[in-house]
Asks: 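Shown below is the structure under consideration.
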Amino acid sequence: MALTTTDLAFDTSKDDRPHLPPPPAVAITPCDPWPRPYYLENGLRRVAPYHYTYNTYCKQRWRDREILDIFAAEFRDRSRDYYKEAIEEGRIVLNGQPCRDVHTRVRNGDVISHTLHRHEPPVSAQPIRVINETDSMIVIDKPAGVPVHPAGRYKYNSVVEIMRAERHYAFNPLPCNRLDRLTSGVMFVGKTSKEAEDISAKLRGRTVRKEYIARVKGKFPNGEDWEGGDMRGGVVKCEEPILQISPILGLNRARASGKSAKTLFRRIAYYPAKTKPSHEGQRKDALAGTADEGYSVVHCLPLTGRTHQIRVHLQFLGHPISNDPIYSNRRVFGANLAKGDSSGDHDDEIKDRLGKMGKTEIAEAYSYNTTKTSGASGVEKDMEELGITQTHQTTPTQLELLRAQELHKKYGPTADYKPLHHGTLHAGNLSPEPFNPTQSKEEDPAYAELVKQHDEMVQDYNLRKGEKLTGEICDICQTPLYSDPGPQELGIYLHALAYADVEGKWRYTSPLPEWTRAPDDVSGNLMDPPSWDYEALGDEAKVDLDAEKENAERKNQNGLEKNKKIQTGV
């Protein structure tokens, strides 16, 4: 049968269907560079600045609000003036079309797109080492300081994107367990969504034991069944419940009203601090309760999975992780670092002090001023002296940039300018009279010791310094530029050493990190990874399944949602 074509006339006047508006045109990211714009420099993996478009549907609380008001209230990392200019210049668009008018109201179903010049913080250049790989799974050794998923200021500098860049563009690595950005160690990565879900289900079933290594302050307790000797200790058990105090600040505390938690610890090495000569040439012991008393390497076995469990339990025991920016911070927790404290008496003070870390506390590091007047904080005093006026529209980032720019004008434009913290001893400002009137300051041993102490304080400050505004701005987007992150922002002394099946069917172990070495060890060899004697531990090493079920299901659901976003590109 032959086929023929005919003209089909359609009378649109009889079409009584409701006319629907066209779907919103989602803005396309103007740049998704391939290969990724990585480059290695000074031990850091850097990403060259690039343009990127964020797309988001109108949230319920945004409905019928003006677009400028939404950005000024919800996205406070930039000023209101910046968002006004971005709307008027078309960098912020509505449904793919420039709106130009800052008073445009956002409706339900609208898509808001914001294109900006993105600056990612650098991360460690340490490679992601593959421990084992099959057709369905990759076991990796995650470097410290690298986030697992793109989030916040990080996109290409994440485990997911680095692994994609090392393989091919279509490869979607799907993490099955997650580590904090600052933590290093063993991670499981699925190659497809089904395989990732299967692996996650096994981990969720609590048939896997996790072992960690931490480096802590001081000599960790000897513990039960200690056989003598300073290096290896016995088992120390901590069962303090843990309560989340502030999710915004990432603060958790030991608290009787918290969720049950249990961790076993064992010292595997202790390295005492070197003694220092006194002014009289005698030896003096290290100060108790300070970093001078040395450090221990501790093997950790968490039997529950609370957030920051190991870090909180170590702090409660009086031996926090040496470089933990939260739980080893005396400016936040006081001289004894909340040892044995499970009360909530000081929570408000702790949250207030912790909230200032990285904000006013870092900003104050730019000033030489060491005095404070009544009624004015150190920051306000410095601003007053520099002639900077704060307004209600000035953001903390802008204030810090202004202060940095003024100080650079005063002391020089170099980004390497590292003023000392308030109260730091300045060797050049010591008493003009030497301690021994018969000797010059250079020859006096007491003065030389003070100079040495000053130099050590300067070195310690530079080692602990974090990223801060340099006083420079990007020529393209006028974004304030930061210095490189400090060592404490590139990782802490906590490492996921091993994952093992409870029945002994398999075990994946990573090498010990470099920070487990003895202070003077320059050899190429590390100690062998330790393991627990589960048979000897007996019931002590059993995982509390009831306590973990709800927590594991919640974490798994969050993980599946993140993996789905990675696959769909949402």
Side-chain angles (χ1 to χ4, degrees), residues 18-32 50-120 147-156 158 160-161 175 178 181 193 244 246-251 307 355 359 392-398 477 479 553-570:
H19 293 282
L20 300 175
V26 179
I28 303 300
T29 300
C31 181
D32 187 17
Y50 57 94
H51 284 89
Y52 188 79
T53 299
Y54 293 91
N55 300 304
T56 181
Y57 279 93
C58 172
K59 302 182 185 298
Q60 185 175 3
R61 64 178 180 273
W62 297 354
R63 294 177 185 175
D64 300 321
R65 291 174 57 188
E66 293 183 358
I67 189 168
L68 177 59
D69 290 339
I70 292 173
F71 272 90
E74 299 278 345
F75 307 99
R76 303 175 70 178
D77 60 324
R78 303 291 181 94
S79 68
R80 186 182 183 91
D81 289 341
Y82 166 83
Y83 291 121
K84 180 176 182 296
E85 181 179 334
I87 293 171
E88 293 173 345
E89 293 185 356
R91 298 196 300 273
I92 294 177
V93 301
L94 197 63
N95 300 327
Q97 300 297 324
C99 54
R100 307 294 185 187
D101 186 356
V102 297
H103 301 294
T104 301
R105 294 188 178 274
V106 178
R107 309 298 181 184
N108 185 31
D110 285 347
V111 175
I112 306 173
S113 304
H114 179 203
T115 300
L116 75 164
H117 195 231
R118 187 164 181 169
H119 297 257
E120 287 197 39
V148 175
H149 291 100
R153 298 168 63 196
Y154 301 88
K155 179 174 173 60
Y156 297 133
S158 61
V160 167
E161 290 297 332
R178 282 154 187 85
R181 179 177 67 86
S193 58
Q244 186 178 65
S246 173
I248 296 176
L249 298 174
L251 176 65
T307 302
K359 299 181 177 68
H392 69 284
Q393 291 185 346
T394 308
T395 65
T397 298
Q398 289 175 305
C477 63
T479 296
E553 289 178 351
R554 175 180 56 82
K555 286 186 176 181
N556 185 66
Q557 183 60 35
N558 292 340
L560 292 177
E561 291 175 359
K562 288 183 179 179
N563 285 340
K564 183 178 179 181
K565 290 180 180 179
I566 292 174
Q567 283 196 312
T568 58
V570 175

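The basis for the numbers below is simple: all heavy atoms, side chains too, and nothing from hydrogens, waters or symmetry mates. From a predicted model like this one, the values you see are computed outputs, not experimental measurements.
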Asks: Would you check, one step at a time, whether the test side chain to side chain contact (heavy atoms under 4.5 Å, CB included) holds for I92 with K84?
Replies: CA-CA 9 Å; I92 294 177; K84 180 176 182 296; over 6 Å; no

Asks: Please lay out, stage by stage, how R91 and L116 fare under the test side chain to side chain contact (heavy atoms under 4.5 Å, CB included).
Replies: CA-CA 7 Å; R91 298 196 300 273; L116 75 164; over 6 Å; no

Asks: Nearest heavy-atom pair of T104 and C99: which atoms, and what distance?
Replies: OG1-CB, 3.8 Å

Asks: Nearest 0.5 Å, what's the CD1-CZ distance between I67 and R100?
Replies: 12.0 Å

Asks: Check whether any side-chain heavy atom of L94 sits under 4.5 Å from a side-chain heavy atom of I112, and report yes or no.
Replies: yes

Asks: Mind listing the closest non-hydrogen atom pair of R63 and N108 along with its distance?
Replies: NH2-OD1, 3.2 Å

Asks: Quick one: closest heavy-atom pair of H149 and V160, and the distance?
Replies: CD2-CG2, 3.9 Å

Asks: Report the distance from atom CZ of R107 to atom SG of C58, rounding to the nearest 0.5 Å.
Replies: 9.5 Å

Asks: Please round to the nearest 0.5 Å and tell me the distance separating atom OG1 of T307 and atom CG of L251.
Replies: 11.5 Å

Asks: Does D101 reach the main-chain N or O of H103 with its side chain, forming a donor-acceptor pair under 3.5 Å?
Replies: yes

Asks: So, taking the atom named NZ in K59 and the one named CZ in R65, what distance separates them when rounded to the nearest 0.5 Å?
Replies: 12.0 Å

Asks: How about Y52 and E120: do any of their side-chain heavy atoms sit closer than 4.5 Å?
Replies: no

Asks: Answer with yes or no after comparing the ring centroid distance for H114 and F75 against a 6.0 Å cut-off, counting only values under it.
Replies: no

Asks: Sub-3.5 Å donor-acceptor pair from the side chain of D69 to the main-chain atoms of E66, do we have one?
Replies: no

Asks: Could you walk me through whether Y156 and R118 pass the side chain to side chain contact (heavy atoms under 4.5 Å, CB included) check?
Replies: CA-CA 11 Å; Y156 297 133; R118 187 164 181 169; over 6 Å; no

